[in-house]
Amino acid sequence: MARHLITSALPYINGIKHLGNMVGSMLPADVYSRYLRQRGHDVLYICATDEHGTPAELAAKERGLPVDEFCAQAHDAQKAVYDGFALAFDYFGRSSSAENRDITQHFARKLNENGFIEERAIRQVYSPADGRFLPDRYVEGTCPHCGYDKARGDQCENCTRVLDPTDLINPRSAISGSTELEVRETKHLFLLQSKLQHEVEEWVARHEQDWPQLASSIARKWLTEGLHDRAITRDLDWGVPVPADTWPELAAEGKVFYVWFDAPIEYIGATKEWADQDPENRDWKSWWYEADDSVRYTQFMAKDNVPFHTVMFPATELGVREPWKKVDYVKAFNWLTYYGGKFSTSQKRGVFTDQALDILPADYWRYFLIANAPESDDSSFTWEHFTATVNKDLADTLGNFVNRVLSFSRKRFGDEVPAGGEPGEAETRLGEEIAGLLAEYETQMEALQFRKAASALRALWSAGNSYLEEKAPWLEIKIDKDAAALTLRTAMNLIHLYAVVSEPFIPSSAAAMRAAFTLPDDTATWTTPDEARTLTTLQPGIPFTVPPVLFAKLTDEDLETYKERFGGQPA
């Protein structure tokens with residue numbers, strides 16, 4: 001089987017992430033990782049907190065903590081939420097790790113040796129009130145492109161355009177709020193992306209036809225506009241330090257690497273962190289170095305991260321002139337909005353992941369988010385849509401099917417799978433339908449088309465309900481007890497199949513369905529379409545129990561409570 005390396009965009013350390021962050025990177029990466037593992041592939045799913053740069057310093061300052069202490073606490077808090085969402089990372093690291101520091105400095109030295117880093121004197125924003133140069137995110141103001149008045153000096157959150165601090169209209173210090181800013185000369189390191197433009201274009205051309213249109217169009221737009229040399233150091237107290245053996249003057253001034261230089265390298269750094277926990281059995285380089293023919297690498301991210309992963313980081317990897325693994329497939333997502341308005345971590349607008357878990361178990365959110373993933377266009381979260389989806393798909397279609405089959409069978413036949421007669425025409429038709437739907441589900445999962453995969457999974461669940469309505473065992477039992485037993489046994493086999501193939505979407509509920517049956521040596525990791533045709537995994541006599549309600553229906557009162565707490569429209 002193939003070896004699959006999977007990464008999702010690193011979540012910033014400054015606070016718990018909202019549902020848009022979850023569906024735009026980590027959750028679909030988890031669903032895909034789980035699916036590949038079930039199909040027998042060797043999978044390594046890596047993520048980490050992105051801990052350097054201005055957001056960390058500002059958040060630590062707001063909390064009154066040293067930045068390293070703040071990051072340690074925030075990492076643990078984020079990891080607890082991701083555990084709550086059942087994200088099955090192989091490793092969830094930290095970009096402030098020694099491993100990332102060492103590899104980042106190695107990359108910088110190699111880029112310098114190869115002539116792709118240059119030291120330049122630049123004019124930079126300086127705040128006399130703060131007594132320091134202000135890195136990009138320490139400068140706020142009005143975006144010159146869209147007029148958004150809370151744009152940052154590195155990127156406008158509203159229109160996503162990349163900016164320099166000097167581009168902003170009416171700039172101010174994010175530390176003190178002072179508008180008395182000066183522009184002074186200082187020295188920084190620049191990555192000479194312009195010298196790598198042709199190589200990046202050739203690399204993108206070899207891959208973009210396989211990528212989603214969203215990812216390829218963003219990469220092509222950046223290349224068409226031309227790659228510009230970009231400063232990769234900042235004046236911060238927290239970050240990967242510029243190595244003194246190569247740039248002693250800048251190191252003495254306390255320069256650190258720009259967070260967008262070291263953050264993608266943390267994918268490699270986190271893999272080494274993972275390997276360093278068990279060095280005798282884990283080889284991090286086999287996933288990253290000279291691995292083009294042995295590893296398929298898939299990245300998951302929202303569209304604002306696409307330029308950095310399809311252009312800037314590949315330019316870095318190409319420039320080091322070493323055989324580091326580059327991404328094969330970029331799965332990019334549009335925005336999940338909140339009633340048409342943008343989720344915002346900084347403005348605390350929308351539902352955040354810790355709040356979501358306070359309201360309902362993770363599977364409710366996992367299914368809804370993936371079934372409505374913003375793949376081809378932005379999608380909108382509304383409480384009305386969420387409630388309707390939970391009630392229709394999870395509570396009625398899946399949960400009710402499981403409950404009524406097992407409850408009715410226990411009531412009429414006891415606590416073991418009933419025997420019944422031989423399968424007939426209805427069971428043959430059902431087997432063919434299930435095999436076709438399962439093949440469709442596999443096809444869409446392989447293609448990373450999550451909404452279509454969810455639709456196929458929903459259709460699998462619906463097929464069981466249609467079969468049950470057609471056979472009506474509550475009527476069959478009055479005239480033919482064996483026929484009713486066959487129907488229930490077949491339906492129980494469907495429940496077991498649902499438990500296996502639904503696991504990537506709703507792992508906790510899938511485990512509960514599977515645990516309902518005392519099946520010796522139940523080691524199946526997947527059910528193939530051919531195996532599904534027979535629906536005979538559960539033989540007569542297998543003990544079973546009726547699990548607690550898988551999904552509770554949400555009421556009108558619940559809906560009003562949620563809307564009152566979070567609002568029915570963006571702030």
Side-chain angles (χ1 to χ4, degrees), residues 12-16 49-74 77 95-96 120-189 230-242 250-263 304 342 344-349 571:
Y12 272 128
I13 196 67
N14 62 330
I16 300 299
T49 38
D50 182 2
E51 300 190 5
H52 291 143
T54 313
E57 285 197 357
L58 290 176
K61 180 177 182 292
E62 185 178 329
R63 292 273 302 275
L65 293 172
V67 66
D68 57 343
E69 184 178 337
F70 165 78
C71 286
Q73 292 180 10
S95 69
S96 61
R120 294 180 182 177
I122 66 168
R123 294 176 65 77
Q124 187 175 339
V125 176
Y126 184 86
S127 171
D130 300 306
R132 62 181 294 175
F133 285 101
L134 298 182
D136 297 354
R137 286 199 176 200
Y138 276 57
V139 186
E140 296 177 344
T142 299
C143 175
H145 303 287
C146 71
Y148 182 60
D149 65 358
K150 294 182 178 64
R152 302 186 305 250
D154 63 339
Q155 188 175 30
C156 176
E157 188 181 53
N158 186 58
C159 70
T160 76
R161 291 289 291 267
V162 173
L163 302 170
D164 286 319
T166 53
D167 294 334
L168 295 172
I169 300 168
N170 299 323
R172 60 187 178 274
S173 167
I175 303 173
S176 63
S178 174
T179 59
E180 296 180 8
L181 305 181
E182 302 174 1
V183 177
R184 297 185 182 180
E185 187 173 278
T186 186
K187 289 183 179 179
H188 281 286
L189 298 180
R230 189 167 181 85
I232 58 168
T233 52
R234 293 293 187 269
D235 294 281
L236 290 170
D237 297 325
W238 176 246
V240 174
V242 169
L250 296 186
E253 294 175 2
K255 307 285 188 185
V256 301
F257 286 108
Y258 176 37
V259 63
W260 264 113
F261 182 74
D262 82 85
D304 58 331
K342 194 175 181 185
S344 173
T345 301
S346 61
Q347 297 178 38
K348 296 179 172 57
R349 183 171 64 232

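The structure presented is a predicted model; accordingly, all values stated were derived computationally and were not measured.
- If you check the side chains of Thr160 and Asp304, you find no donor sitting under 3.5 Å from an acceptor.
- Interatomic distance, Thr166 OG1 to Arg123 CZ, rounded to the nearest 0.5 Å: 10.0 Å.
- In this structure the side chain of Tyr138 never reaches within 4.5 angstrom of the side chain of Ser127, judged on heavy atoms.
- Put simply, the side chain of Ser96 does not reach to within 4.5 Å of the side chain of Asp68, judged on heavy atoms.
- A distance of 11.5 Å separates SG in Cys156 from NZ in Lys150, rounded to the nearest 0.5 Å.
- You'll find the side chain of Phe261 stays beyond 4.5 Å of the side chain of Thr233, heavy atoms only.
- Taking the ring axis of Phe70 as reference, the NZ or CZ atom of Arg63 does not stay both within 45° of it and closer than 6.0 Å to the ring centre.
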| said: Under the criterion side chain to side chain contact (heavy atoms under 4.5 Å, CB included), I'd like the reasoning laid out for Lys255 against Leu189: C-alpha separation, chi angles, the key distance, then a yes or no. | reply: CA-CA 9 Å; Lys255 307 285 188 185; Leu189 298 180; over 6 Å; no

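- Residues passing the side-chain hydrogen bond (donor to acceptor under 3.5 Å, both in side chains) test with Tyr12, sequence neighbours excluded: Arg137.
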| field | Pair Asn170-Thr142, side chain to side chain donor-acceptor pair (under 3.5 Å): steps then yes or no | value | CA-CA 6 Å; Asn170 299 323; Thr142 299; 4.7 Å; no

| How far apart are the C-alpha atoms of Val256 and Trp238, what are their side-chain angles, what is the distance that settles it, and do they pass the side chain to side chain contact (heavy atoms under 4.5 Å, CB included) test? | CA-CA 7 Å; Val256 301; Trp238 176 246; over 6 Å; no

| Which is it for His52 and Leu236 under the side chain to side chain contact (heavy atoms under 4.5 Å, CB included) test, yes or no, and what are the steps along the way? | CA-CA 9 Å; His52 291 143; Leu236 290 170; over 6 Å; no

| task | Would you sort out whether Glu51 and Thr49 count as a side chain to side chain donor-acceptor pair (under 3.5 Å), showing the intermediate values? | result | CA-CA 6 Å; Glu51 300 190 5; Thr49 38; 2.7 Å; yes

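- Ionic pairing of Arg152 and Asp154 is present here: one or more N-O contacts between side-chain nitrogen and carboxylate oxygen are shorter than 4.0 angstrom.
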| query | Going through the checks in order, is the side chain to side chain contact (heavy atoms under 4.5 Å, CB included) test met by Val259 and Asp50? | reply | CA-CA 8 Å; Val259 63; Asp50 182 2; 3.2 Å; yes

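- In this structure, the side chains of Asp167 and Arg161 stay at 4.5 Å or more apart for every pair of heavy atoms.
- Residues Ile175 and Lys61 are in side-chain contact: their nearest non-hydrogen atoms beyond the backbone lie under 4.5 Å apart.
- Residues forming a salt bridge (Lys or Arg N to Asp or Glu O under 4.0 Å) with Asp136 (at least two apart in sequence, or on another chain): Arg234.
- Under the side chain to side chain contact (heavy atoms under 4.5 Å, CB included) criterion, Thr179 pairs with Arg172, not counting sequence neighbours.
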